[in-house]
Amino acid sequence: MGQTQVALGRVRTKEEYEQLLESNLEELERIAHIIENILFLSRADHATIAIERAPLDLATELHKIGEYFEGPAQERGMALHVSASGQVVANTVMWRRAVNNLVINAIRYGRPGMPILLSAHAEPSGCTVTIENTSEPVSQAQAERMFDRFYRGDQSRNEYTESNGLGLALVKAIMALHGGTATVLAMPAGQIRFALHFPADPASSQT
């Protein structure tokens, strides 16, 4: 708003107005994204979202995500390693969104030059997806608070974030809608592992 007020203080060139409009559009898109996330969380809290599920091939899906984020990872000297097998029954859009958010988090806050491990496997109780990377060491209590809405635990997490602290809260909400769990394990050397468990039987979320 301040930038717009300053710009309107005197007549500007066409290029300056175009630059201002582009800046305003970016800010509006960011705000719209935040509002969309808050509305999603609100609906999830009140169980007003009905989700459709379909079988997904874990290797295919996880390799697609790895390829999509290969560029941003390489910019930070990181490499994505994928290992997956089996199938999961889940909502396709939500499954991808949950895993994407964890990969974004790993790239954004991981230690440059360190690998990011993406793995998934099916088991009798369902499917588990894990994202592991190395960052600055945090306590287990700090790690678990990362799923809280708007939580950013240190200065590095306050520098910038597209989701304004909502990314991992969305992951937790998506898992609740599937009747699954989202957990995190912080290790002393700085490794941090997020695990998403999707139940094999969707009806198990009703028990």
Do [X] and [Y] have side chains that approach each other closer than 4.5 Å (heavy atoms only, starting at C-beta)?
X    : Y    : answer
V88  : W95  : yes
M187 : I192 : no
M78  : M114 : no
I174 : R97  : yes

Taking a hydrophobic cluster as the set of Ile, Leu, Val, Met, Phe, Trp and Tyr residues connected by side-chain heavy atoms closer than 4.5 Å, whether directly or through intermediates, do I104 and V99 fall within one such cluster?
yes
Kindly work out whether a path of hydrophobic side-chain contacts (I/L/V/M/F/W/Y, heavy atoms less than 4.5 Å apart) joins V82 to F69.
yes
Work out which heavy atom in [X] is nearest to a heavy atom in [Y]; give both atom names and the distance.
X    : Y    : value
T134 : A189 : CG2-O, 4.3 Å
A98  : V171 : O-CG2, 3.5 Å
G110 : S135 : CA-CB, 4.2 Å
A106 : I131 : CB-CG2, 4.2 Å
E52  : N91  : O-ND2, 3.0 Å
V138 : A186 : O-CB, 3.6 Å

Looking at E123, I'd like to know if its CD atom is crowded, meaning that more than 12 non-hydrogen atoms belonging to other residues, nucleotides or ligands lie closer than 6.0 Å.
yes
For S119 and S83, does a side-chain donor sit closer than 3.5 Å to a side-chain acceptor?
no
With no hydrogens and no angle check, do the side chains of H197 and T128 hold a donor and an acceptor under 3.5 Å apart?
yes
Test side chain to side chain contact (heavy atoms under 4.5 Å, CB included) on M175 and T181; report intermediate values, then the result.
CA-CA 5 Å; M175 296 312 300; T181 59; 5.9 Å; no
Would you call the rings of F194 and F147 parallel, tilted or perpendicular if under 30° counts as parallel and over 60° as perpendicular?
perpendicular
Taking [X] for the side chain and [Y] for the main chain, is one N or O donor matched with an acceptor at less than 3.5 Å?
X    : Y    : value
Q140 : V184 : yes
N133 : I116 : no
N105 : N101 : no
R76  : R108 : yes
Q142 : S139 : yes

Measuring from [X]:[atom1] to [Y]:[atom2], what's the distance to the nearest 0.5 Å?
X    : Y    : atom1 : atom2 : answer
C127 : H121 : SG    : NE2   : 7.5 Å
N100 : K64  : CG    : NZ    : 12.0 Å
H63  : D57  : NE2   : CG    : 10.0 Å
E70  : I65  : CD    : CD1   : 14.0 Å
H178 : L196 : NE2   : CG    : 10.5 Å
L102 : M146 : CG    : CE    : 11.5 Å

What verdict does the side chain to side chain contact (heavy atoms under 4.5 Å, CB included) test give for T92 and L56, after you've listed the backbone C-alpha separation in whole Å, the side-chain angles of each residue and the deciding distance to 0.1 Å?
CA-CA 7 Å; T92 304; L56 300 176; 3.3 Å; yes
